[in-house]
Amino acid sequence: MTAQLSVRDLEKSFGAVKATNGATFDIMPGELHAIIGPNGAGKSTLISQIAGELRPDSGSIWFAGQDITAVPAHARPALGLARSFQVSQLYPEFSLQENVALAIAAREGRTFGLWKPLASDRSLLDPAQQYLTRVGLGERPERLVSELSHGERRQLEIALALSQEATLLLLDEPMAGMGGEESARMTTLLNELKGRYAILLVEHDMDAVFALADRITVLVYGKTILTGSVDEVRNHPEVRAAYLGEEHA
Ligand SMILES: Nc1ncnc2c1ncn2[C@@H]1O[C@H](COP(=O)(O)OP(=O)(O)OP(=O)(O)O)[C@@H](O)[C@H]1O
């Protein structure tokens, strides 16, 4: 089976800091693959290179068998690779459903100088409603983005990534800033999405990572020191020493 994403010997330095130092791993179709590592290990730098926002110094990134190392960030979503949207990119005065409809229109290359025609376009609003339902926001699609709680905004970001017809979702700390109940809801959502989508999850919440991950890659000082199952990672002496501490061992 061809990997959905392959990262090979990736290197990226900032001055004297080797933020990515020979990172290599694969994500298979439908796999939820977590990247963990201590603060400053290079997780954000890695995800930014996969999204195309940072150019690696050397090494390669392959998406569904195609070398995308030189493909610019703006062209990657059309291939099926979606980084979750920032809610700051949304239209606060429009409803959830209208925002997702606008994202679908943008994906389809439709121009929307006038909002009115789009607002009544069922061919956009119906699929928008389906994406909202898939992430648990389907009940009140008329709400404004400004009315959402922090956790609901993160759910909306995922709906927007799905609306890009992604096959790989890049999720950078989706549980950050969430309370227990919101984290549990996000964990349930990601559990429903895995299998249908390949997911690269960078997350500090180890309970969520251990509950969700099919495989985990451990990053320390930019190097991928291990890729394995939850049990393999929990029991690996170097990982315990470098990162987890006894409470998760
Ligand atoms: N734009 C930049 N310029 C200079 N140094 C950078 C830049 N971005 C990251 N770094 C450095 O690269 C290293 C890796 O940083 P990165 O943010 O990727 O780690 P991280 O694993 O995401 O950390 P955290 O868990 O704290 O978010 C750090 O030493 C950081 O200081």
Side-chain angles (χ1 to χ4, degrees), residues 27-39 41 43-44 47 82-90 95-97 99-100 103 128-164 166-219 228-235 239-240 243-249:
I27 302 182
M28 302 311 289
E31 179 185 6
L32 192 146
H33 194 117
I35 306 278
I36 65 169
N39 288 334
K43 303 179 295 296
S44 299
I47 221 171
R83 186 170 195 170
S84 63
F85 274 57
Q86 298 296 309
V87 163
S88 55
Q89 293 171 265
L90 300 180
S95 73
L96 310 185
Q97 192 179 21
N99 267 288
V100 180
Q129 178 62 27
Q130 286 170 14
Y131 290 119
L132 289 171
T133 301
R134 203 172 296 172
V135 302
L137 291 174
E139 277 186 21
R140 291 166 58 208
E142 74 290 352
R143 278 190 296 169
L144 302 181
V145 173
S146 55
E147 294 174 59
L148 298 183
S149 69
H150 174 74
E152 288 171 328
R153 281 173 183 243
R154 304 312 297 253
Q155 287 167 255
L156 178 60
E157 288 174 7
I158 292 180
L160 289 160
L162 299 183
S163 77
Q164 302 306 291
T167 49
L168 172 69
L169 304 178
L170 300 177
L171 302 180
D172 198 355
E173 298 194 37
M175 275 83 167
M178 284 188 175
E181 202 177 302
E182 285 182 329
S183 291
R185 203 178 315 138
M186 181 59 78
T187 302
T188 304
L189 169 58
L190 296 184
N191 205 27
E192 284 164 8
L193 294 177
K194 78 175 197 173
R196 268 195 282 177
Y197 301 90
I199 299 176
L200 187 156
L201 174 68
V202 168
E203 181 53 56
H204 282 286
D205 179 340
M206 283 303 117
D207 292 329
V209 166
F210 289 149
L212 284 166
D214 297 306
R215 288 190 304 161
I216 299 173
T217 289
V218 183
L219 204 61
S229 67
V230 169
D231 283 345
E232 283 165 339
V233 166
R234 287 175 102 129
N235 295 323
V239 175
R240 290 164 72 133
Y243 183 46
L244 287 176
E246 287 309 306
E247 76 270 27
H248 284 290

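All of these numbers come straight from a predicted model, not from anything done at the bench.
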Is a donor on one side and an acceptor on the other found under 3.5 Å between the side chain of E203 and the backbone of M175? yes

N/O donor-acceptor pair under 3.5 Å between Q129 side chain and G138 backbone: yes

To the nearest 0.5 angstrom, please state how far the NE2 atom of H204 sits from the CD atom of E173. 4.0 Å

Between Q164 and A103, is there a donor-acceptor pair closer than 3.5 Å when you use the side chain of the first and the backbone of the second? yes

Can you tell me how far apart CD (E157) and CZ (R83) are? Round to the nearest 0.5 Å. 11.0 Å

What distance separates R143 CZ from L137 CG, expressed to the nearest 0.5 Å? 6.5 Å

Treating K43 as the side-chain partner and G37 as the backbone partner, does any N or O pair qualify as donor plus acceptor under 3.5 Å? yes

Is any side-chain N of the basic residue among E182 and R154 closer than 4.0 Å to the acidic one's carboxylate O? no

I need the minimum non-hydrogen distance between G228 and V233, along with the two atoms involved. O-CG2, 4.0 Å

Determine whether a donor-acceptor pair (N or O, by modelled atom type, separation under 3.5 Å) exists between the side chain of D214 and the backbone of H33. no

Do you know which of L201, I27, V209 makes side-chain contact (heavy atoms from CB on, under 4.5 Å) with L32? L201

Could you check whether any side-chain heavy atom of R140 comes within less than 4.5 Å of a side-chain heavy atom of L96, counting everything from C-beta outward? no

Hey, is CD on E142 packed in by over 12 heavy atoms from elsewhere, all under 6.0 Å? yes

Separation of L200 CG from I35 CD1 (nearest 0.5 Å): 4.5 Å

